[in-house]
Amino acid sequence: MTVDLTKNQTLVLNTLSRASGPLSAYTILDQLRAEGFRAPLQVYRALEKLLERGLVHRLESLNAFVACAHDHDHAHGLTAFAICEKCGQVSEFSDEIVEGRLKDWAGKSGFRAAKTTIEIRGNCANCA
Ligand SMILES: [Zn+2]
Ligand SMILES: [Zn+2]
């Protein structure tokens, strides 16, 4: 576990790590009311720092958050997620070939990519 997190950041990260699927900021708030969280801003502030450090990812299409599936620092140039629409399971993976092709494209187009997120929606192996 990363040491230099604030109490609130640790609480938010633990909530996401325990969750079986992605959580919205409001669900996180509800789960942390007993810990003294009162306002969405407290959750958003903690999430902002966790996102910066790559410990948490935002799923744009769901407007929800997941803990990073890797406990070591992995390069987050490209993060891909497969989201099951039946059970809500999210699998995080990265793919060097896809990342390379996107980099080639960006290089040729003169586009400066800061972050790339790929979200695949469908059914997981268990639900398909
Ligand atoms: Zn990650
Ligand atoms: Zn599923």
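Counting starts at 1 for both ligands and their atoms, following the listed order. Keep in mind that this is a model prediction, so the values were computed, not measured.
- The shortest side-chain heavy-atom distance between Cys124 and Ser91 does not fall under the 4.5 Å cut-off.
- By the 6.0 Å contact criterion, CZ on Arg112 is open, its count of non-hydrogen atoms from other residues, nucleotides or ligands being 12 or less.
- With hydrogens and angles disregarded, a donor-acceptor distance shorter than 3.5 Å links the side chain of Gln9 to the backbone of Thr6.
- No hydrogens or angles considered: a donor-acceptor pair under 3.5 Å links the side chains of Ser61 and Glu119.
- When the side-chain contact (heavy atoms from CB on, under 4.5 Å) test is applied to Leu51, the partners found at least two apart in sequence or on another chain are Val56, Arg58, Phe65.
- Using a 30° and 60° split on the angle between ring planes, Trp105 and Phe111 fall in the tilted class, from 30° to 60°.
- Of all N, O or S atoms in Glu92, the one lying closest to the Zn ion (ligand 1) is OE2.
- Expressed to the nearest 10°, the angle at the Zn ion (ligand 1) joining NE2 in His57 with SG in Cys68 is 110°.
- Counting non-hydrogen atoms of neighbouring residues, nucleotides and ligands closer than 6.0 angstrom, the CD atom of Glu96 reaches no more than 12 such neighbours.
- Around the Zn ion (ligand 2), the protein atoms of type N, O or S found under 2.8 Å away are Cys84 SG, Cys87 SG, Cys124 SG, Cys127 SG, listed by chain and number.
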